[in-house]
Amino acid sequence: MEHPTADSHPMNAARFPSNRWWVAGFAWELKDKPLARTLLGHPMVLFRGPQGVAALEDRCCHKNLPLSCGSVEGPGLRCGYHGLLFDERGVCVEIPGQAYIPERARVVSYPLREVDQILWVWIGQGEPADEPPHYPVHVDPRFKFGGDSFHYKAPYQLIHDNLLDLSHVGYVHQKTIGGNPKLHMSAKFDVTSDAEVVRVTRPMPDSVPPPTYTAAWPFAGRVDRWQEVEFHVSHLVIWTGAMDAGSGDLADANRAGFHIHGFHGVTPETATTSHYFWTVATNEHPTRPGAADVLVKQVVDTFHEDKDIIEAQWANQVRFAADWRQVAIHVDGGPNRARRIMTALTAQQ
Ligand code: FES
Ligand SMILES: [Fe+2]
């Protein structure tokens with residue numbers, strides 16, 4: 001088990017895996033105003049133009065005002081200082097009061113795609129090597145979902161740690177989705193991985209459903225509960241849920257019961273700050289109309305509980321940066337594999 005050293009402290013490592021799609025936000029964030037967002041250290045302005053969504057470097061090529069101070073207009077984005085107008089490719093198409101537009105009047109553009117309500121930005125060399133992944137849950141009529149974009153004063157690795165180790169649920173989320181903390185800590189889990197994916201599965205058969213679950217679904221009594229986490233470099237998908245104990249097979253992907261699908265885009269902003277783009281989708285029981293909205297509201301509380309813990313943890317790792325040795329325990333298997341993947345990819349940059 002590797003131990004952190006001062007060298008491996010995130011404050012000293014500002015590299016990220018590039019040449020891939022990263023989550024830049026959600027489709028509903030782009031309406032009629034530009035949105036400033038720094039992703040992997042690149043300050044960008046995102047906007048929705050007539051041809052679709054676009055991402056440009058957030059710096060006018062005239063006098064460097066952030067383009068995010070401007071306005072979405074006509075074919076693109078107009079700078080808020082002297083009115084240069086840029087199209088979605090970052091090419092200046094109008095200089096008010098001047099007919100001649102210099103060839104160099106352009107700003108860097110980043111490929112941006114909108115897929116199933118998720119905005120994906122390509123950060124890397126040249127044109128994208130592929131297209132960003134689909135997220136079918138967002139377009140599946142069986143599920144209702146809600147979500148939000150959080151900003152974290154903590155490095156992305158700590159968010160990965162948290163999402164890949166759901167044993168924390170019993171302690172951090174005791175009041176919401178928790179249930180019995182000891183049960184969570186002692187639930188057997190399985191970790192598998194390949195080159196860039198880590199999977200952690202935790203079946204919790206014959207357990208007591210937590211308050212969030214019983215509010216959303218009419219369980220008869222005890223439940224067979226599951227938590228399945230799949231880590232990818234740019235995001236995680238987490239499938240949790242429960243069904244009446246003994247009513248189905250935990251190996252059946254189409255099992256009945258109450259399901260929660262979480263999408264978690266974790267995008268570094270800088271080496272020590274992060275964006276966390278999440279949605280939670282659930283199937284609503286016919287006898288519990290409105291339960292999905294209630295669940296999303298509860299999840300917001302839950303995610304604030306995580307944010308409080310992670311930001312406090314990071315503030316302390318900064319305070320103890322000179323010696324932040326850690327003792328590994330049995331729940332760290334998933335997080336450690338993800339860290340190894342991220343370390344290997346950043347070392348290649
Ligand atoms: S700084 Fe943008 S137009 Fe002058
Ligand atoms: Fe959590």
Side-chain angles (χ1 to χ4, degrees), residues 34 36 43 45 47 56-74 76-87 90-98 100-102 104-108 147-148 150 152 154 156-179 181 183-185 187 189 200 202 210-213 225 227-229 231 236-240 260-264 266 274 276-280 295-296 298-314 331-332 334-335 338:
V45 54
F47 66 100
L56 304 178
E57 186 173 74
D58 195 11
R59 179 174 70 91
C60 179
C61 61
H62 175 224
K63 296 280 186 184
N64 303 153
L65 184 74
L67 287 172
S68 53
C69 297
S71 53
V72 178
E73 192 185 309
L77 193 55
R78 192 179 290 282
C79 179
Y81 205 164
H82 313 92
L84 264 63
L85 182 62
F86 299 89
D87 69 10
V91 176
C92 179
V93 292
E94 185 193 334
I95 300 177
Q98 175 176 318
Y100 170 66
I101 301 176
R104 284 173 47 245
R106 56 193 311 152
V107 299
V108 173
D148 204 355
F150 282 11
Y152 260 76
Y156 69 90
Q157 293 95 330
L158 300 192
I159 306 175
H160 286 169
D161 286 354
N162 174 273
L163 294 169
L164 274 158
D165 157 32
L166 295 183
S167 70
H168 77 265
V169 165
Y171 290 102
V172 177
H173 308 306
Q174 187 136 31
K175 294 198 206 90
T176 50
I177 53 170
L183 172 80
H184 282 283
M185 287 299 286
F189 63 92
V200 181
R202 300 172 78 228
T212 312
Y213 283 31
R225 194 175 168 185
Q227 298 176 324
E228 303 192 8
V229 182
F231 164 91
L236 295 90
V237 288
I238 302 185
W239 178 26
T240 54
I260 305 176
H261 287 280
F263 175 86
H264 309 260
V266 181
S274 310
Y276 177 44
F277 305 110
W278 62 269
T279 67
V280 164
L295 181 93
V296 170
Q298 285 167 336
V299 164
V300 173
D301 295 340
T302 305
F303 288 174
H304 279 290
E305 289 168 342
D306 287 308
K307 190 170 187 298
D308 289 348
I309 290 278
I310 290 170
E311 292 187 336
Q313 177 196 12
W314 173 241
V331 301
D332 300 331

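Each ligand, and each atom within it, is numbered from 1 in the order the structure gives. Computed from a predicted structure; not experimentally measured.
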Where does the angle between the aromatic ring planes of His173 and His168 fall among parallel (under 30°), tilted (30 to 60°) and perpendicular (over 60°)?
perpendicular
List in chain and number order the residues that pass ring-ring contact (aromatic ring centres under 6.0 Å, His included) with Phe150, two or more places apart in sequence or in another chain; answer none if no residue qualifies.
Trp278, His304
At what distance, to the nearest 0.5 angstrom, does OH of Tyr152 lie from CH2 of Trp314?
14.5 Å
Might you point out which heavy atoms bring Val280 and Ile260 nearest each other, and give the distance in Å?
CG1-CG2, 3.6 Å
Have a look at the Fe ion (ligand 2) and estimate, to 10 degrees, the angle subtended by NE2 (His173) and OD1 (Asp306).
90°
Does Tyr156 offer a backbone N or O that forms a donor-acceptor pair with the side chain of Ser274 under 3.5 Å?
yes
Atoms listed for atom 4 (Fe) of ligand 1 (protein only, N, O or S, under 2.8 Å, no waters) are His62 ND1, His82 ND1
Non-hydrogen side-chain atoms of Cys60 and Phe86 separated by less than 4.5 Å:
yes
